[in-house]
Amino acid sequence: MNILVTGGAGFIGSHTLIELYKAGHTAVVLDNLSNSNPEALKRVAEIIGIREIPFYKVDIRDREGLGKVFAEHRFDACIHFAGLKAVGESVEKPWEYYENNIGGTLVLVDVMRKNGCKNIIFSSSATVYGDPEEIPITENCPKGQCTNPYGWTKSMLEQVLMDIQKADPEWNVVLLRYFNPVGAHPSGRIGENPNGIPNNLMPYITQVAVGKRKELGVFGNDYNTPDGTGVRDYIHVVDLANAHVCALQAIERNCGIGIYNVGTGNGYSVLDMVKAFIRVNGVDVPYSIKPRRAGDIATCYCNPAKAKAELGWEANYGIDDMVRDSWHWQSQNPDGYPEA
Ligand code: NAD
Ligand code: UFG
């Protein structure tokens, strides 16, 4: 299939491009580079062994720009990663998050249908479950109250896309609810490249390990979890990338609406991650216990059985692979990608 990959220069998008080409697909990337670097696409092409990945620096809110891309290519499906994703920033800038993520997706989907492309895989998030009613979380678990505007954009866009599919059954809509993506391509050539101080655990750990930050703050050790620190379902980004390849097969089978948790089903605490990182990589990660972070929940991990049964997808990488590949990327690229 020929796939439009929005946000393809970003962390998950760049890894997905590799798995798409490995599976025999081709891709065109559309990204406004607001949170990414074109160097990632060069490196993706190098890993795949092609001259370049077709790329358009276009914003998904730019109807005319999108129209030009669709005039030059015929797409079988779109994998839609483009969006703003910083939880804390979304609380400060709700308008920007709703306008970019929701406004942008509405324009994208309209241009898609006008050009006869009615297949979309959307990057949703475990955040739509809020404080989940059941652990492990199945897709039958009701959606909850999100604690920030970023989460609401995911929850609302799920509804928007499902309503569009109900009104026009020619659409196939796959909502992938990612748990906590970490790790990097085993080559160490591409990985997560956050701007400024990382919000997420794994990039913070790797930046402490590489000497860019003094110590990790562990946000709370008084949760109702085995060691008191927060428990999450960390998933290797290459496994996550492969879930999109499997979702394309579901689209080929005309799945209608498909909703899937994408996680390993294992819950690891903050201290489990830190200890695994130190053990596997032989580098120290100084840390101290800090107060709880507002909006955090104690435990979040999924039951991924539905994705296995219906998509034939399951995670293959374990915690040691995740911490090894995260460190491989960070240690070889201490400052991330070079400035373009
Ligand atoms: P990322 O920021 O690395 O990638 C997103 C890409 O979208 C960036 O390259 C950015 O430049 C681009 N972009 C943003 N707004 C755009 C716009 N208006 N037009 C065109 N391009 C735009 O993030 P990621 O970690 O790769 O996440 C990809 C998707 O997965 C996002 O939608 C994110 O919300 C979702 N997600 C991420 C996580 C996570 O923890 N990383 C968890 C759940 C869901
Ligand atoms: N944590 C720390 N110190 C840090 C950063 C995080 O102790 O410096 C802890 C958090 O308190 C939490 C765990 O590490 O217990 C994971 O935190 P992350 O920020 O890495 O991830 P979250 O589970 O909070 O959120 C992530 C994404 C969201 C997404 C959600 C569910 O950031 O976008 O997973 O998919 F919605």
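Counting starts at 1 for both ligands and their atoms, following the listed order. Just so you know, residue 1 is the first one in the sequence shown, and it goes up from there.
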Heavy atoms only, cut-off 4.0 Å: how does Asp296 contact ligand 2, side chain, backbone, both, or neither? side chain

How does Phe179 reach ligand 2, by side chain, by backbone, by both or by neither, if only non-hydrogen atoms under 4.0 Å count? backbone

Closest by any non-hydrogen atom to [atom]: pick that one out of [options].
| atom | options | answer |
| --- | --- | --- |
| atom 24 (O) of ligand 2 | Arg293, Arg213, Arg232 | Arg293 |
| atom 4 (C) of ligand 2 | Tyr287, Phe219, Tyr129, Tyr268 | Phe219 |
| atom 22 (P) of ligand 2 | Asn180, Ile235, Leu216 | Asn180 |
| atom 29 (C) of ligand 2 | Ser90, Gly220, Cys146, Ser125 | Ser125 |
| atom 20 (O) of ligand 2 | Leu201, Thr147, Val87 | Leu201 |

Pairwise, report which nitrogen or oxygen atoms of ligand 1 are under 3.5 angstrom from protein nitrogen or oxygen atoms, and how far apart they are.
{"residue": "ligand 1", "atom": "2 (O)", "partner": "Asn35", "partner atom": "ND2", "Å": "2.7"}
{"residue": "ligand 1", "atom": "3 (O)", "partner": "Phe11", "partner atom": "N", "Å": "2.9"}
{"residue": "ligand 1", "atom": "9 (O)", "partner": "Gly10", "partner atom": "N", "Å": "3.4"}
{"residue": "ligand 1", "atom": "9 (O)", "partner": "Asp31", "partner atom": "OD1", "Å": "3.2"}
{"residue": "ligand 1", "atom": "9 (O)", "partner": "Asp31", "partner atom": "OD2", "Å": "2.6"}
{"residue": "ligand 1", "atom": "9 (O)", "partner": "Ser36", "partner atom": "OG", "Å": "2.7"}
{"residue": "ligand 1", "atom": "11 (O)", "partner": "Asp31", "partner atom": "OD1", "Å": "2.7"}
{"residue": "ligand 1", "atom": "11 (O)", "partner": "Asn32", "partner atom": "OD1", "Å": "3.4"}
{"residue": "ligand 1", "atom": "11 (O)", "partner": "Ser34", "partner atom": "N", "Å": "3.0"}
{"residue": "ligand 1", "atom": "11 (O)", "partner": "Ser34", "partner atom": "OG", "Å": "3.4"}
{"residue": "ligand 1", "atom": "11 (O)", "partner": "Asn35", "partner atom": "N", "Å": "2.9"}
{"residue": "ligand 1", "atom": "11 (O)", "partner": "Ser36", "partner atom": "OG", "Å": "3.3"}
{"residue": "ligand 1", "atom": "13 (N)", "partner": "Asn32", "partner atom": "OD1", "Å": "3.4"}
{"residue": "ligand 1", "atom": "15 (N)", "partner": "Asn100", "partner atom": "ND2", "Å": "3.2"}
{"residue": "ligand 1", "atom": "18 (N)", "partner": "Asp59", "partner atom": "OD1", "Å": "3.0"}
{"residue": "ligand 1", "atom": "18 (N)", "partner": "Asn100", "partner atom": "OD1", "Å": "2.8"}
{"residue": "ligand 1", "atom": "19 (N)", "partner": "Ile60", "partner atom": "N", "Å": "3.0"}
{"residue": "ligand 1", "atom": "21 (N)", "partner": "Asn32", "partner atom": "N", "Å": "3.1"}
{"residue": "ligand 1", "atom": "21 (N)", "partner": "Asn32", "partner atom": "OD1", "Å": "3.3"}
{"residue": "ligand 1", "atom": "25 (O)", "partner": "Lys85", "partner atom": "NZ", "Å": "2.8"}
{"residue": "ligand 1", "atom": "26 (O)", "partner": "Phe11", "partner atom": "N", "Å": "3.2"}
{"residue": "ligand 1", "atom": "26 (O)", "partner": "Ile12", "partner atom": "N", "Å": "2.8"}
{"residue": "ligand 1", "atom": "32 (O)", "partner": "Phe81", "partner atom": "O", "Å": "2.8"}
{"residue": "ligand 1", "atom": "32 (O)", "partner": "Lys154", "partner atom": "NZ", "Å": "2.9"}
{"residue": "ligand 1", "atom": "34 (O)", "partner": "Tyr150", "partner atom": "OH", "Å": "2.8"}
{"residue": "ligand 1", "atom": "34 (O)", "partner": "Lys154", "partner atom": "NZ", "Å": "3.1"}

Atom pair [atom1]/[atom2] of [X] and [Y] - distance to nearest 0.5 Å:
| X | Y | atom1 | atom2 | answer |
| --- | --- | --- | --- | --- |
| Thr264 | Asp239 | OG1 | CG | 8.5 Å |
| Ile251 | Cys246 | CD1 | SG | 12.0 Å |
| Leu17 | Ile47 | CG | CD1 | 10.5 Å |
| Lys93 | Glu99 | NZ | CD | 12.5 Å |
| Leu216 | Leu271 | CG | CG | 9.0 Å |

Ligand 2 N/O within reach of [X] N/O, cut-off under 3.5 Å:
| X | answer |
| --- | --- |
| Lys85 | no |
| Gly230 | no |
| Val231 | no |
| Thr127 | no |

State if Tyr150 counts as touching ligand 2 under the rule of any non-hydrogen atom under 4.0 Å. yes

Heavy-atom gap Tyr234 to ligand 2 smaller than 4.0 Å: yes

Is there a side-chain contact between Asn281 and Gln330 (heavy atoms, below 4.5 Å)? no

Enclosure of Lys212 NZ (heavy-atom neighbours >12, cutoff 6.0 Å): yes

Please check if atom OH in Tyr287 has more than 12 non-hydrogen atoms from other residues, nucleotides or ligands closer than 6.0 Å. no

If the threshold is 4.0 Å, N to carboxylate O, is there a salt bridge linking Glu170 and Lys118? yes

Against heavy atoms of Val218, which atoms of ligand 2 measure under 4.0 Å? 7 (O)

Can you give each donor-acceptor pair under 3.5 Å made by side-chain atoms of residues 24-32, sequence neighbours left out, with the distance rounded to 0.1 Å?
{"residue": "His25", "atom": "ND1", "partner": "Met1", "partner atom": "N", "Å": "2.9"}
{"residue": "Thr26", "atom": "OG1", "partner": "Asn2", "partner atom": "OD1", "Å": "2.8"}
{"residue": "Asp31", "atom": "OD1", "partner": "Leu33", "partner atom": "N", "Å": "2.6"}
{"residue": "Asp31", "atom": "OD1", "partner": "Ser36", "partner atom": "OG", "Å": "3.3"}
{"residue": "Asp31", "atom": "OD2", "partner": "Ala9", "partner atom": "N", "Å": "3.2"}
{"residue": "Asn32", "atom": "OD1", "partner": "Ser34", "partner atom": "N", "Å": "2.9"}
{"residue": "Asn32", "atom": "OD1", "partner": "Ser34", "partner atom": "OG", "Å": "2.9"}
{"residue": "Asn32", "atom": "ND2", "partner": "Asp59", "partner atom": "OD2", "Å": "3.0"}

What protein heavy atom is closest to [atom], reported as residue, atom name and distance in Å?
| atom | answer |
| --- | --- |
| atom 3 (N) of ligand 2 | Gly217 O, 2.7 Å |
| atom 14 (O) of ligand 2 | Val270 CG2, 3.5 Å |
| atom 18 (P) of ligand 2 | Asn200 ND2, 3.5 Å |

With sequence neighbours excluded, what pairs up with Glu52 under the side-chain hydrogen bond (donor to acceptor under 3.5 Å, both in side chains) test? none

Tell me, please, which residues at least two apart from Cys117 pass side-chain contact (heavy atoms from CB on, under 4.5 Å). Phe70, Phe75, Met112

